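The structure appears right after this line, and notes come after that.
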Amino acid sequence: MIGKLKVFNSLTRQKEEFIPLNPPHVGMYVCGPTVYSNVHLGNVRTFLSFDVVNRYLRFLGYKVRYVRNITDVGHLSDTGEDKISKKAKLDQLEPMEIVQMYTNDFHDVMLKFNAIPPDIEPSAIGHLMEQVEMTKKLIENGYAYESNGSVYFDVEKFHKENDNSYGALSGRKIEDLLSETRDLDGGSDKKSPLDFALWKKASPEHIMRWETEWSEGFPGWHLECSVMSTKYLGEEFDIHGGGMDLQFPHHECEIAQNCGSHGHGGARYWLHTNMLTVNGQKMSKSLGNSFLPRELISGDHELLNRGYSPMTIRFFMMQSHYASTLDFSNDALEAARKGYIRLANGMRTLRGMEWAEDEGELNKKQVEQINKICDNCYYAMNDDFNTALTIGHLFNLVKKVNSLHTGQLNFAEIGKEAFDRMKETFIGFSEDVLGLRIESDVDYKALIETILGEYKSAKFNRDFERVDKLRAELKAEGIIVKDMKDKIEWAFEE
RNA sequence: GAACAUGUAGCCAAACUGGUAAGGCAGAAGUCUGCAAAACUUCUAAUUGCGGGUUCGAAUCCCGCCAUGUUCUCCA
């Protein structure tokens, strides 16, 4: 490994050297989507950012256990209804049908963007027992109380007894939070407005409900992540990721639950990805500027001039740092599209290139340059996964690749060693780390039609040698030419 | 209203925790080409939001202002 990996830890607001608890193993938990609708492009950005984190850690040789949950219960909308059941009622479907439908959609989308699936993808409903257990434990430890069939986490008590730690992750002061929420609505079962639900008694119309000793109800949203990360990664693990909007209160509550139940905060490094904007404005449904991954790919949206391929979008996202806001605009996407083509062509050229003895002698300067660029790829990724900088370095390698390709630079000048390193580094970083792959938007059907046109004219000219050759070549690709009475058709070889 | 971010060429976006501004797109010229495209070479473009301060030196640190964003203010 070249250099040291540093990550920006939200917990300390500093870049820190990444040291796993049990190398070579790394445990990483990322908050997944609530599957009540099609996955939002902002979600995609977050998951692609952590896909790169996962990929780079593996690239460095770590054995990563990547856990990303599916939230299928407990996440409430602003009207107080469960997001899943609200949608289920609306569509007159079973909640689990909603869950399945949008989980499938989510998986399809992530696959299109070439994201490596998590190693474990647990769901909240699948871990109800464990959530009940943790709630009991919190009551036992004195950090939770039952009130009218619901169970709440006692934030102030926890805060006092644990080094005033509530708010540490999000940089909030409990006094400020309290003064901001001074007015308690009379109907609340909570002791303090800061308290959050671990178990919530279900109202009569609530359709997702389970029987427990406290009431027939459902688990609080924050609880599932504490439970599932602890179960699969342990009381202490390495990385916890999620969108910046989850930092407070979701992740803050998660830490409190962890500490309150087993004395450890969970992850040692907390990573947060930034938000997506469109033409400088926040992407939101109410502003009418949000779009689905599908719409971005097809271009079927009033704000888009055209569609952009999944790899173009992935490349576009990689061109900024995950902790910066990223702005979507036609101009920016168009620039990314062309940039991606340039990089992909470099990838393709280099893939088909082998070092060959030719004229000239070793040019030390060239060798140094190539080695330096290769090193820089590591330094860039080591610096808190700076994909944007990495891509900049890759473009510098593309220049070398193209120079070799056009003969402006000879193989002999750079030597086999530097060439092999360049090839390994370039392909390793672009494909394995950044997850970019060559995608062809070539319409193979149109291509076949073009060749068949050739076939037809050769036949018309009675150039049977050429006819036979074309037919054989197509057959080699699994395509059968069918000479009909008045036309020529083709089919896949059975 | 509060907290925390962000503000870099026409557009997007980096800058390894102060040392004199990567890279991509767009633009210009040239090489190559039947013509293109691609590719290559070279070039062009930034007083780093505004105003102060610290420093030999600041995009980077401090203060104020402006703009934008996120979270919180009602939240289970």
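Keep in mind it's a predicted model, so treat the numbers as computed, not measured. Convention: sequence-line order gives letters A, B, ...; per-chain numbering from 1.
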Open item on the list: Just checking Phe419(A) against Phe411(A), ring centres under 6.0 Å apart?
Closed with: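 Between Phe411(A) and Phe419(A), which both carry aromatic rings, the centre distance is below 6.0 Å.
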
Task: Phe316(A) ring center near Tyr340(A) ring center (under 6.0 Å) - done: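 Distance test on ring centres: not under 6.0 Å, no.
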
Open item on the list: Treating Thr273(A) as the side-chain partner and Thr46(A) as the backbone partner, does any N or O pair qualify as donor plus acceptor under 3.5 Å?
Closed with: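 No, because the side chain of Thr273(A) does not come within donor-acceptor range (under 3.5 Å) of the backbone of Thr46(A).
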
Would you tabulate the pairs of protein nitrogen or oxygen atoms and nucleotide nitrogen or oxygen atoms of nucleotides 15-20 of chain B closer than 3.5 angstrom?
{"residue": "rA15(B)", "atom": "OP1", "partner": "Asn386(A)", "partner atom": "ND2", "Å": "2.6"}

Open item on the list: Taking only side-chain N and O atoms of Arg337(A), does any of them lie within less than 4.0 angstrom of OP1 or OP2 on rC25(B)?
Closed with: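 Checking Arg337(A) against rC25(B): no side-chain N or O falls below 4.0 Å of OP1 or OP2.
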
Open item on the list: Does rA14(B) have its OP1 or OP2 closer than 4.0 Å to a side-chain nitrogen or oxygen of Ser324(A)?
Closed with: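 So the side chain of Ser324(A) is within the cut-off, an N or O lying under 4.0 Å from OP1 or OP2 of rA14(B).
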
What distance, rounded to whole Å, do you find between the two [atom1] atoms, one in [N] and one in [M]?
| N | M | atom1 | answer |
| --- | --- | --- | --- |
| rA45(B) | rG34(B) | P | 35 Å |
| rG30(B) | rG69(B) | C1' | 45 Å |
| rC62(B) | rU17(B) | P | 16 Å |
| rU8(B) | rC50(B) | C1' | 15 Å |
| rA58(B) | rU54(B) | C1' | 10 Å |

TODO: Could you check how far CZ of Phe385(A) sits from C1' of rA13(B), rounded to whole Å?
DONE: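 Spelled out: CZ on Phe385(A) to C1' on rA13(B) is 20 Å.
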
Open item on the list: Walk me through whether Phe385(A) and Phe50(A) qualify under side-chain contact (heavy atoms from CB on, under 4.5 Å).
Closed with: CA-CA 10 Å; Phe385(A) 311 101; Phe50(A) 288 108; over 6 Å; no

Atom pairs under 3.5 Å: protein N/O with N/O of nucleotides 9-11 of chain B:
none

